[in-house]
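Heads up, the thing below is written out as structure tokens.
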Amino acid sequence: MDDSLKKNGSSDDAAASTPAPSNFIRDIIDEDTRTGKWGGRVVTRFPPEPNGYLHIGHAKSICLNFGVARDYPGGICHLRFDDTNPEKEDMEYVEAIQRDIRWLGFHWGDKLFFASDYYGRLYQCALELIRRGKAYVCDLDADEIRKTRGTLTQPGTNSPYRARSVEENLDLFQRMKAGEFPDGSRVLRAKIDMAHSYIVMRDPVLYRIRRQSHYRTGDQWCIYPMYDFTHCLSDSFEGITHSLCTVEFENNRPLYDWVLDALDLYHPRQIEFAPLNLNFTILSKRFLKSLVEDGIVDGWDDPRMPTLSGFRRRGCPPEAIRDFCDKIGLAKRDSLVDVAMLESSLRACLNLTAPRVMAVLRPLRVVIENYPEGQVEELEAPYYPDDPPKMGYRKVPFSRVLYVERSDFMEEPHRKFWRLAPGREVRLRWAYFLRCKSVIKDPDTGEVMELRCTYDPDTRGGQAPDGRKVRGTIHWVSADHSLSAEVRLYDRLYSAPNPVAHKNREVTEILNPDSLEILNTARVEQSLADAKSGARYQFERTGYFCVDSRHSAPGKLVFNRTVGLRDSWAKIFKQGARGKRKGKGRTGKGEGRGRGRGRSQGQS
RNA sequence: UGAGGUGUAGUUCAAUUGGCAGAACGCCUGACUCUGGAUCAGGAGGUUGAAGGUUCGAGUCCUUCCACCUCAGCCA
């Protein structure tokens, strides 16, 4: 199957991908390449802080940075862990992040860096800044610094320690490093301008004292550099050409530039782009972390999580994530991407790569009265009906008692319902025509318990010799020969289209109570007995599923629904219900269009 | 209300830099079909945030206004 995957352009390695579409950042790089601004080099970096798992928003940045490196001659993308806050960072995250980037299909070769490896150089830079009279040790506490910083409309006031001599600053800073002062008692600040219109330029803190063991440097340091100081210098050390970050750092760019210029160092260009927002989801490490810690989800890799590990466990191919990131484009304006776009990429990829099998999610027992008791036929079914040789065939046992999908039967069928109903004939996929003769119900509840049917022996293979047609084809499994399985259906985690717009406290109130539905009585065809962990299938007519990597085991299969198939019947059904409610026969042609009918999200 | 940024179809992005406003997703219709899938064909959908101005011609240039986003952590 590997060869055919490649033939379809499907791959887990991004190197095989076609170049991403152009955007304003690539335009800039094109221009730089043309003018030789960076001596022909293109060096980007992806700089995560190891304080949580990567999510789909990071994928956008990864695809951008690694994609640029891939698409330009000699391009390189570094992976750098921006680990300057010992309180939040952990090796677990470092490993998870690397795993996720590799899974996404990108490689950093030997270009793996840690800001914590630069602590020594960073310290030397700080010393140099002091020597140049551009930084000072400030004894104000955090509260006092805040109070003297001014506001958006009012300038701040100078720290009383701003005028310290270079010698005194040098001495104090060295003693800060030596651990002579308690946590929080002093900081190193850049000496810029307390009246600057960019608040970040009002003598920003460069170093703080924190007696906190760091996951990589242990207790070697008790002073830690801040982001604004660390990031630009790390970029500079590594010879980055284009430092791509999200727009919330636009206000920090003057500081990025100031630090590098103050030290006369190699100076990459920072360019900002808008972060990804997805409707019905929250992309914020803090929120995702709280979902994990509060036990609202099963962990960082819960298939409902928008984390890369969540998508992986849910069965999303990395190629689909990359395709999505290419399709959403890149710009600076705020945006809220419809998850339908992600689903579209998912289906497009899975359609070409997932073998088809049959599984009945909510079984309804069918007894074929005219099929001989004890008889079993092995019917041949292609894994990939559009191009059978591509994936070959498997045998599917057929017998007197089957299960079909409950939703494929309606006792009083809707006008446009094509499937099974009393007296109706349908085709059983890859098998025979089947006609419903009678319905057996629970005498107490009235629930449909079983269908009594007949089959037409002349229709084996799915064609009638007399040429008669059936409208519907439904999937099925043999009762005795199918396997029981657990199927997990996932839906969006939030019921609001833009959960980010809600106040923090309210967010738990807009959780979708139906985000996980577990079906314990599903039946799947025999051929799935040896399905491997993570393997992806299309359950015909239902959707794409994968074998859960955590809970599935031989003899106890668990499947995750990755994404459903497009379901035009569901639309018809929903429209019918709506029309009825409004007292109109149906939704006419021109009518309802203006209301934005069928839009997958509300406004605001 | 300071500074910075952003406004183009329902959504996300294009528009060869002043020359017929397009694509993808979504939606609708039809064809085909042993998946109501896939595929194919077609369609609807725009006062380019607004108003002025320059120009033969403006999404693009100028002026004014409006809306939204970001910034007042010893987080990143």
Side-chain angles (χ1 to χ4, degrees), chain A residues 21-23 47-49 51 82-85 87-88 138 140-142 145-147 149-156 183-184 186-189 196-202 204-210 224 226-228 230-231 245-254 272 274 279 285-286 327-338 340-345 347-348 351-352 356 358 385-386 416-419 427-431 461-463 470-475 538-543 565-572 587 589-590 592-594 596-601 603:
Chain A
S22 194
N23 55 55
E49 186 192 7
N51 66 345
D82 222 335
D83 52 356
T84 55
N85 185 352
E87 289 169 16
K88 294 182 176 173
C138 181
L140 260 26
D141 66 29
I145 287 180
R146 183 173 51 76
K147 282 179 180 148
R149 185 150 33 217
T151 68
L152 296 175
T153 52
Q154 292 168 329
D183 286 10
R186 281 177 231 258
V187 291
L188 182 72
R189 288 228 254 171
H196 204 110
S197 55
Y198 282 89
I199 289 178
V200 75
M201 297 293 270
R202 320 240 259 228
V205 172
L206 267 22
Y207 266 91
R208 74 277 213 189
I209 305 173
R210 192 108 320 162
Y224 290 95
M226 301 290 291
Y227 164 84
D228 284 308
T230 308
H231 193 258
C245 64
T246 45
V247 287
E248 66 265 30
F249 292 102
E250 202 151 18
N251 291 318
N252 299 52
R253 178 154 33 101
E272 307 83 15
N279 64 8
K285 274 194 213 167
R286 200 182 126 239
K327 284 192 169 138
I328 55 175
L330 194 72
K332 290 189 73 168
R333 54 169 172 261
D334 279 8
S335 62
L336 185 61
V337 176
D338 194 331
M341 242 188 261
L342 212 208
E343 292 173 355
S344 163
S345 291
R347 293 190 186 106
N351 178 43
L352 298 175
R356 271 61 168 172
M358 291 196 284
D386 287 344
K416 291 185 176 173
F417 187 77
W418 302 348
R419 312 172 193 172
R427 174 167 37 230
L428 293 172
R429 183 78 156 155
W430 312 123
Q463 305 294 338
V470 289
R471 193 73 194 271
T473 300
I474 66 174
H475 59 278
Q538 184 195 107
F539 289 175
E540 290 214 51
R541 304 206 312 127
T542 307
L565 252 25
R566 283 186 60 213
D567 187 351
S568 44
W569 161 245
K571 264 180 216 169
I572 292 167
T587 323
K589 241 186 180 169
R593 198 177 283 145
R597 176 177 92 240
R599 200 176 301 153
S600 63
Q601 60 193 275
Q603 302 305 309

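Numbered from 1 within each chain, the chains take letters A, B, ... in sequence-line order.
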Looking for any heavy atom pair under 4.0 Å, which part of the strands does [X] touch: base, sugar-phosphate only, or nothing?
{"X": "A:Phe249", "result": "base"}
{"X": "A:Val337", "result": "sugar-phosphate"}
{"X": "A:Thr151", "result": "base"}
{"X": "A:Gln463", "result": "base"}
{"X": "A:Leu140", "result": "base"}
{"X": "A:Glu272", "result": "nothing"}
{"X": "A:Glu540", "result": "base"}
{"X": "A:Ile328", "result": "sugar-phosphate"}
{"X": "A:Asn51", "result": "nothing"}
{"X": "A:Leu330", "result": "sugar-phosphate"}

[X] has a side chain; which of [options] sits nearest to it?
{"X": "A:Thr153", "options": "B:U1, B:C75, B:G36", "result": "B:U1"}
{"X": "A:Met226", "options": "B:C68, B:U11, B:C74", "result": "B:C74"}
{"X": "A:Arg419", "options": "B:A72, B:G36, B:G26", "result": "B:G36"}
{"X": "A:Val205", "options": "B:U6, B:G36, B:C74", "result": "B:C74"}
{"X": "A:Asp334", "options": "B:A72, B:C68, B:G36", "result": "B:C68"}
{"X": "A:Asn351", "options": "B:A38, B:C74, B:G2", "result": "B:A38"}
{"X": "A:Arg566", "options": "B:A38, B:A72, B:A24", "result": "B:A38"}
{"X": "A:Thr473", "options": "B:U35, B:A72, B:C74", "result": "B:U35"}
{"X": "A:Phe417", "options": "B:C75, B:C13, B:G36", "result": "B:G36"}
{"X": "A:Ala340", "options": "B:C71, B:G26, B:C13", "result": "B:G26"}

Using the [atom1] atom as the point on both nucleotides, what is the distance between [M] and [N], in whole Å?
{"N": "B:U6", "M": "B:A15", "atom1": "P", "result": "15 Å"}
{"N": "B:G43", "M": "B:G26", "atom1": "C1'", "result": "14 Å"}
{"N": "B:C62", "M": "B:C25", "atom1": "C1'", "result": "37 Å"}
{"N": "B:U17", "M": "B:G57", "atom1": "C1'", "result": "16 Å"}
{"N": "B:G2", "M": "B:U64", "atom1": "P", "result": "15 Å"}
{"N": "B:U47", "M": "B:U70", "atom1": "C1'", "result": "30 Å"}
{"N": "B:C27", "M": "B:C69", "atom1": "C1'", "result": "29 Å"}
{"N": "B:A51", "M": "B:A67", "atom1": "C1'", "result": "15 Å"}

Exercise. What closest approach, in Å, do A:Tyr224 and A:Arg210 show between heavy atoms, and which atom pair accounts for it?
Worked result: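 What the structure gives for the nearest pair is CE1-O, 3.3 Å.
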
Exercise. Which atoms form the tightest heavy-atom contact between A:Pro385 and A:Arg429, and what is the distance?
Worked result: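 Looks like CG-NH2, 3.6 Å.
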
Working to the nearest 0.5 Å, report the span between [atom1] of [X] and [atom2] of [Y].
{"X": "A:Asn252", "Y": "A:Met201", "atom1": "CG", "atom2": "CE", "result": "10.5 Å"}
{"X": "A:Arg471", "Y": "A:Phe417", "atom1": "CZ", "atom2": "CZ", "result": "13.0 Å"}
{"X": "A:Asp386", "Y": "A:Asn351", "atom1": "CG", "atom2": "CG", "result": "7.0 Å"}

N/O donor-acceptor pair under 3.5 Å between [X] side chain and [Y] backbone:
{"X": "A:Trp430", "Y": "A:Leu428", "value": "no"}
{"X": "A:Lys88", "Y": "A:Glu49", "value": "no"}
{"X": "A:Arg149", "Y": "A:Gly156", "value": "no"}

Problem set entry | Chi-angle category of B:G73 [syn within 90° of 0, anti beyond] |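 It is syn.
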
Exercise. Taking O4'-C1'-N9-C4 for purines and O4'-C1'-N1-C2 for pyrimidines, is B:U17 syn (within 90° of 0) or anti?
Worked result: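 Because its glycosidic torsion lies within 90° of 0, B:U17 adopts the syn conformation.
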
Problem set entry | Evaluation steps, side-chain contact (heavy atoms from CB on, under 4.5 Å), between A:Arg208 and A:Asn85 | CA-CA 10 Å; A:Arg208 74 277 213 189; A:Asn85 185 352; 3.9 Å; yes

Phosphate-side-chain proximity, [X] and [N], N/O vs OP1/OP2 below 4.0 Å:
{"X": "A:Lys571", "N": "B:C28", "result": "yes"}
{"X": "A:Arg541", "N": "B:U33", "result": "no"}
{"X": "A:Arg347", "N": "B:C25", "result": "no"}
{"X": "A:Arg146", "N": "B:C74", "result": "no"}
{"X": "A:Ser335", "N": "B:C13", "result": "yes"}
{"X": "A:Arg208", "N": "B:A76", "result": "yes"}
{"X": "A:Arg471", "N": "B:U33", "result": "no"}
{"X": "A:Arg429", "N": "B:G37", "result": "no"}
{"X": "A:Thr84", "N": "B:A76", "result": "yes"}

Please report the distance, rounded to the nearest Å, between [atom1] in [X] and [atom2] in [N].
{"X": "A:Ile474", "N": "B:G36", "atom1": "CD1", "atom2": "P", "result": "10 Å"}
{"X": "A:Arg333", "N": "B:G59", "atom1": "CZ", "atom2": "P", "result": "16 Å"}
{"X": "A:Leu428", "N": "B:U35", "atom1": "CG", "atom2": "C1'", "result": "13 Å"}
{"X": "A:Gln538", "N": "B:U35", "atom1": "CD", "atom2": "C1'", "result": "7 Å"}
{"X": "A:Asp83", "N": "B:C75", "atom1": "CG", "atom2": "P", "result": "15 Å"}
{"X": "A:Trp430", "N": "B:U33", "atom1": "CH2", "atom2": "P", "result": "15 Å"}

Problem set entry | Pairwise 5' ranking along RNA chain B for A:Lys327 and A:Ala331, keeping only the more 5' one |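 Between the two, 5'-proximity favours A:Ala331.
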
Exercise. When you match A:Val200 and A:Asp183 each to their closest nucleotide on RNA chain B, which lands nearer the 5' end?
Worked result: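 By nearest-heavy-atom nucleotide position, the 5'-most residue is A:Val200.
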
Exercise. With a 4.5 Å heavy-atom cut-off, do A:Leu140 and A:Lys147 have their side chains touching?
Worked result: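 Of all side-chain heavy-atom pairs linking A:Lys147 with A:Leu140, none is under 4.5 Å.
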
Record whether the side chain of [X] comes under 3.5 Å of the base of [N] through a donor-acceptor pair of N or O atoms.
{"X": "A:Arg210", "N": "B:C74", "result": "yes"}
{"X": "A:Asp338", "N": "B:U12", "result": "no"}
{"X": "A:Asp386", "N": "B:G37", "result": "yes"}

Exercise. Has A:Tyr198 got its ring stacked on B:A3, by the test of a centre gap below 5.5 Å and a plane angle below 30°?
Worked result: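 According to the criterion (under 5.5 Å, under 30°), no, A:Tyr198 does not stack.
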
